[in-house]
J.: 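Structure below; questions to follow.
None of these values were measured; they are calculated from a predicted model. Read the numbers this way: they start at 1 and go in the same order the structure lists the ligands and their atoms. The residues of the chain are indexed from 1 along the displayed sequence.
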Amino acid sequence: ANIETNLEIPLAKRQGAQGVGLFRTEYLFMNRQDLPSEEEHFQLYKETVESFAPDPVIIRTMDAGGDKINPKLSKIEANPALGLRGIRYSLKEQDIFKDQLRAILRAGHFGNVKIMYPLVSGLEEIQKANEILEEVKESLSRDGIPFKKNVEVGIMIETPSAAVIADMLASAVDFFSIGTNDLIQYVLAVDRTNEMVASLYQPLHPSALRLIELILKSAEKADIEVSVCGSMGGNPLTALILLGLGKIDSISMYAHSLPKIKKMIRNISLKDAKDISSHVLSLSTFKEINNYVNIELKNRFSDDSNFAHLN
Ligand code: PEP
Ligand code: MG
């Protein structure tokens with residue numbers, strides 16, 4: 001499941017989530033005047049990690065900025081989506097980043113924790129973030145505090161840059177998680193929060209699908225795990241296309257979507273999903289793609305209202 005607070009843990013467990021594929025930690029920073037302490041981070045992560053153990057909990061480091069603005073943390077920017085957000089923010093405000101990393105590593109002592117960096121666009125960002133992670137590990141060792149030494153580190157693939165050089169980035173990380181919400185926004189140059197261009201925000205646009213296919217190929221070649229944690233994975237129609245685009249190890253989504261996605265996956269063969277996706281990749285307009293996919297879904301799942309029309 002994707003979660004934002006510990007309040008969502010019971011629902012995620014009830015819905016059958018096998019771990020947390022995306023913990024959006026920026027919500028810990030919202031609606032308050034001060035910064036969360038290392039201890040606050042730690043208690044929240046420890047509770048989550050213990051609840052899901054031995055299943056993994058992937059904690060994404062803070063992704064403030066962009067569409068997740070905290071006026072205390074972020075300055076007003078002309079183009080926040082292209083500004084100081086995700087890993088860029090953490091590399092600039094390293095004290096905030098270090099507190100969070102310390103807490104994640106400490107929580108790792110109590111279960112299966114993984115770290116994920118958001119909005120990566122190049123290798124240097126991963127290298128710098130990992131240098132800081134090593135410093136934090138050394139400081140925890142010096143302080144004699146137990147922590148997870150061999151923690152897995154992954155990145156969100158949610159910028160076109162990261163998607164295009166996914167083969168290069170794969171060698172520096174343990175896993176990828178595809179953030180389709182931002183990836184679509186950036187590849188189509190469509191603000192994900194702007195109603196006036198909402199009709200142009202098309203998850204099945206050929207350019208988005210080609211990029212996702214490329215990411216999946218790069219991950220498979222490098223033999224690293226790849227999951228999808230953007231909203232495409234939580235909609236049966238788009239999730240079906242994802243399945244057919246390449247090898248995906250896991251999908252993470254809001255807990256309420258889990259049953260319908262499980263149902264879709266259990267009712268289609270991988271071969272059929274591949275055939276549908278490969279036909280979709282041969283179509284060049286969103287309209288053709290949308291019509292074709294809706295007909296396929298209607299033929300297979302006509303009795304199920306969960307499999308609604310994409311638009
Ligand atoms: C994404 O961009 O797809 C994603 C999962 O991250 P967020 O929606 O939090 O930006
Ligand atoms: Mg994102």
J.: Should you measure from each heavy atom of Cys229, which atoms of ligand 1 turn up under 4.0 Å away?
T.: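 That gives atoms 5 (C) of ligand 1.
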J.: Do the ring centers of Tyr45 and Phe23 come within less than 6.0 Å of each other?
T.: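 Tyr45 vs Phe23: aromatic centres under 6.0 Å.
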J.: Between the main-chain N or O of Pro54 and the side-chain N or O of Asn112, is there a donor-acceptor pair closer than 3.5 Å?
T.: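 Yes.
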J.: Would you say Thr180 has any N or O atom under 3.5 Å from an N or O of ligand 1, going by distance alone?
T.: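 Yes; at least one N/O pair falls below 3.5 Å.
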J.: Quick check on contacts: which atoms of ligand 1 are under 4.0 angstrom from a heavy atom of Leu22?
T.: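 Those atoms are 5 (C).
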J.: Where on Gln185 is there a heavy atom closer than 4.0 Å to ligand 1, on the side chain, on the backbone, on both, or on neither?
T.: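 No part of Gln185 is near ligand 1 at this cut-off.
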J.: Kindly say whether Glu47 contributes a backbone atom to a donor-acceptor pair with the side chain of Glu50 at under 3.5 angstrom?
T.: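 Flag not set: sc Glu50 to bb Glu47 has no pair under 3.5 Å.
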J.: Has ligand 1 got any nitrogen or oxygen that is less than 3.5 angstrom from a nitrogen or oxygen of Ser231?
T.: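 Between Ser231 and ligand 1 (N or O atoms, distance only) the closest approach is not under 3.5 Å.
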J.: Within the structure, is a non-hydrogen atom of Arg192 found at a distance of less than 4.0 Å from ligand 1?
T.: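 Per 4.0 Å heavy-atom rule, Arg192 contacts ligand 1.
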J.: Going from CG on Asp182 to CD1 on Ile157, what distance comes out if it is rounded to the nearest 0.5 angstrom?
T.: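 Here the interatomic distance stands at 12.5 Å.
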J.: Please identify which atoms of ligand 1 are closer than 4.0 Å to at least one heavy atom of Met156.
T.: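 Those qualifying, in numeric order: 4 (C), 5 (C), 6 (O).
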J.: Regarding Lys137 and the six-membered ring of Phe147, is the cationic atom NZ or CZ under 6.0 Å from the ring centre and inside 45° of its axis?
T.: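 Geometry flag: not set, cation outside 6.0 Å or 45°.
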J.: Distance under 4.0 Å to a non-hydrogen atom of Gly179: what atoms of ligand 1 satisfy this?
T.: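 Atoms satisfying the 4.0 Å criterion: 1 (C), 2 (O), 3 (O).
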J.: Could you confirm whether Glu158 has any N/O/S atom lying under 2.8 Å from the Mg ion (ligand 2)?
T.: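 Checking Glu158: at least one N, O or S atom is under 2.8 Å.
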J.: Mind listing the closest non-hydrogen atom pair of Pro160 and Leu183 along with its distance?
T.: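 The pair with the smallest heavy-atom distance is N-CD1, 3.9 Å.
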J.: Tell me which N, O or S atom of Asp182 sits nearest to the Mg ion (ligand 2).
T.: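 Looking at Asp182, the N, O or S atom with the least distance to the Mg ion (ligand 2) is OD2.
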J.: Can you tell me if Gln100 uses its side chain to pair, donor with acceptor, with the backbone of Ile96 under 3.5 Å?
T.: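 Not a single qualifying donor-acceptor pair exists.
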J.: Donor-acceptor pair, distance only, cut-off 3.5 Å: does the side chain of Tyr27 make one with the backbone of Ile3?
T.: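 The answer is no, because no donor-acceptor pair under 3.5 Å joins these two groups.
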J.: Do me a favour and list the nearest non-hydrogen protein atom to atom 6 (O) of ligand 1 with residue, atom name and distance?
T.: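 Scanning the protein heavy atoms, the shortest distance from atom 6 (O) of ligand 1 goes to Arg60 NH1, 3.0 Å.
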J.: Could you find the nearest protein heavy atom to atom 9 (O) of ligand 1 and give me its residue, atom name and distance?
T.: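 The answer is Arg24 NE, 2.7 Å.
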J.: Measure from atom 1 (C) of ligand 1 to every heavy atom in Thr159, Ile178, Asn181, Asp63 and give the option owning the shortest one.
T.: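 Looking at heavy atoms only, Asn181 sits closest to atom 1 (C) of ligand 1.
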J.: Could you check whether His41 and Phe29 have their ring centres less than 6.0 Å apart?
T.: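 Yes; His41 has its ring centre under 6.0 Å from that of Phe29.
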